[in-house]
2 protein chains.
Amino acid sequence: MALFLSTYVNKLDKKGRISVPSGFRSALAGQSFQGVVLFKSQKHAALEGFPMSYMEDISERLDHFDLFSDEQDDLATTIFAQSVQLPLDGDGRIILPSDLIDFAGLGEQASFVGLGHKFQIWAPEKLEARKAEAMSAVKDKSMTIPKNNKADKGRA
Amino acid sequence: MALFLSTYVNKLDKKGRISVPSGFRSALAGQSFQGVVLFKSQKHAALEGFPMSYMEDISERLDHFDLFSDEQDDLATTIFAQSVQLPLDGDGRIILPSDLIDFAGLGEQASFVGLGHKFQIWAPEKLEARKAEAMSAVKDKSMTIPKNNKADKGRA
DNA sequence: TGGATATATATGGTATATCATGGAATTTCA
DNA sequence: TGAAATTCCATGATATACCATATATATCCA
């Protein structure tokens, strides 16, 4: 599997430890860094999750700005400074830092939400509201998915 | 790890000694010079930090200016002439020169801020405001991350 | 088809290694 | 020979690796 798909609810233990769903782990196969990168969502009380390769990609793209430019500085501070790198332990778990647990309002459980090349982590209660909201937005605005532009294929 | 990620707060002792976060040290693995290069930021009361290999990259960028042009001369003087090379000691620490400590306004603690290929060192109090500023700038100006231009690949 | 056995995943607990930090000892250089 | 810088060592806190169990899923054989 190359994509993060569907939703899984797993338990968070006292030490902040939680299993990454097996399907998500296989999406990470072949990565140089066996683990995930997380940061606080700008829009929701949730965490954004990426594979390391995606962060490296972002870093390269930021190099297209002038060094020390406002854009490079602001974007890098917003993205990289706030992100944490969490390695998988031998059993496929990660340890969530307590400030991220607080930010997302996680209790005994957390939902892993697959979103293709990235995923999110939510408190299960809050996720329900979010899903309803997303579905009604798609419906009301009759949203559709754009054509795939082949010329663009290199980077999603 | 190939990138400088997240923010770590470490202690500065009386001799100006401070631990480089372990994650940052592994980003330096494989470098010919085991240590970092620091210089004063032009925009902030903070220090800019790079691995030695990246300084060569900066040097290449300066080659885009004409030799002996004002720009090249000024930038080179600002960056290269001011930078200090700090080796890691046996325990992964560096010693900050006192003028850099004063410039950044560091007290008992200092924050290492990961920004991808580079990092910054801040007084923790000042960093909070900076992060808020960066986040609102990204939001207000609707900054986005440029697509990766493959034609550019040779030099990022 | 049914039962039994294997495989993989999620989860809980414990032992071990690493890291950050403070201080002392030794070296270097003026 | 004195001051500064570098190296070395000790320690508590924290994070990492390890092991054990349970639950579910898949496989195999009779």
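All figures in this text were calculated on a predicted structure; none of them were measured in a lab. Naming: A, B, ... by sequence-line order, numbering from 1 per chain.
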task = Can you tell me the distance, in whole Å, between the CG atom of A:Leu86 and the P atom of D:dA17?
result = 13 Å

request  = Find the distance B:Arg17:CZ to D:dC8:C1' and express it as a whole number of Å.
outcome  = 10 Å

query = According to a strict under-4.0 Å criterion, is B:Ser22 in side-chain N/O contact with OP1 or OP2 of C:dC19?
reply = yes

query = How close or far is atom P of C:dG22 from atom CD of B:Gln109, stated in whole angstroms?
reply = 10 Å

message = Can you measure A:Ile18 atom CD1 to C:dG12 atom C1' for me and round it to whole angstrom units?
response = 14 Å

key: Ring-ring centroid check A:Tyr8 A:Phe24, cutoff 6.0 Å   = yes

request  = Mind calculating the distance between CG (B:Leu88) and P (D:dT7) to the nearest angstrom?
outcome  = 11 Å

remark   = From CD1 of A:Ile95 across to C1' of C:dT18 the rounded distance in Å is 13 Å

query = Taking the inter-plane angle between the rings of B:His44 and B:Trp122 on a 0 to 90° scale, is it parallel (under 30°), tilted (30 to 60°) or perpendicular (over 60°)?
reply = tilted

key: Ionic contact status for A:Asp13 with A:Lys15, cut-off 4.0 Å   = no

inquiry  = It should be established whether B:Arg25 places a side-chain nitrogen or oxygen under 4.0 Å from OP1 or OP2 of nucleotide C:dA20.
reply    = yes

DNA chain C: 5'-proximal contact among A:Val9 and A:Lys15 (nearest heavy atom) = A:Val9

task = Could you check whether A:Asp89 gets within reach of a base, just the sugar-phosphate, or nothing at all, counting any heavy atom under 4.0 Å?
result = nothing

inquiry  = Ignoring hydrogens and geometry beyond distance, is a side-chain donor-acceptor pair present between B:Thr7 and B:Lys131 at under 3.5 Å?
reply    = yes

inquiry  = For D:dC9, does the base pair up with any side-chain atom of B:Asp91 as donor and acceptor (N or O, under 3.5 Å, distance only)?
reply    = yes

query = With a 4.0 Å cut-off on heavy atoms, is A:Lys14 in touch with a base, just the backbone sugar-phosphate, or nothing at all?
reply = sugar-phosphate

ask   = Rounded to the Å, how far apart are A:Arg93 CZ and D:dA20 P?
value = 14 Å

message = Using the side-chain heavy atoms of B:Ser19, tell me which of these nucleotides is nearest: C:dT11, C:dT21, D:dT7.
response = C:dT21

key: NZ/NE/NH1/NH2 to OD/OE distance under 4.0 Å, B:Lys43 and A:Asp70   = yes

ask   = What's the CG-P distance between B:Leu12 and C:dG22, to the nearest Å?
value = 10 Å

